[in-house]
Amino acid sequence: MPQTLTDTAVRGAKPADKPQKLFDGGGLFLFVAPSGTKSWRWKYRFQGR
């Protein structure tokens with residue numbers, strides 16, 4: 001079963017010295033920058049690249 005991020009986990013994510021990636025499953029993850037900016041990103045491959 002894929003891991004899922006809860007609303008509480010997303011809101012509680014704190015910035016650290018280095019960027020963090022909190023994975024939600026299926027390539028989707030929450031990127032937390034050292035400045036505190038949070039953004040959703042999607043890791044994918046197209047034609048093996």
Side-chain angles (χ1 to χ4, degrees):
M1 183 172 181
Q3 175 185 356
T4 58
L5 286 175
T6 62
D7 181 57
T8 306
V10 171
R11 291 176 190 260
K14 301 293 182 203
D17 294 338
K18 294 184 178 181
Q20 297 179 14
K21 294 179 182 177
L22 304 174
F23 289 91
D24 192 40
L28 183 68
F29 63 93
L30 179 69
F31 182 80
V32 183
S35 64
T37 302
K38 298 175 187 175
S39 58
W40 287 102
R41 296 189 179 178
W42 183 43
K43 186 175 181 178
Y44 67 95
R45 290 177 138 322
F46 180 73
Q47 295 183 350
R49 295 181 177 196

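Heavy atoms only: backbone and side chains are in, while hydrogens, waters and symmetry mates are out. All values reported here derive from a predicted model rather than from experimental measurement.
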Where do [X] and [Y] come nearest, in terms of heavy atoms and distance?
X: V32; Y: A13; result: CG2-CB, 4.0 Å
X: A33; Y: P15; result: O-CB, 3.6 Å
X: W42; Y: G26; result: NE1-O, 3.3 Å
X: P34; Y: K18; result: CG-C, 4.1 Å
X: R11; Y: K38; result: O-NZ, 3.3 Å
X: Q20; Y: K14; result: NE2-O, 3.4 Å

Same apolar cluster: L22 and L28, side chain cutoff 4.5 Å: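 Per the 4.5 Å side-chain linkage, L22 and L28 are co-clustered.
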K21 side-chain N/O to F29 backbone N/O, donor-acceptor pair under 3.5 Å: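 Not confirmed, K21 side chain does not pair with F29 backbone.
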For the residue pair S35 / T37, report whether a side-chain donor-acceptor contact shorter than 3.5 Å exists.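 Yes - a donor-acceptor pair under 3.5 Å links their side chains.
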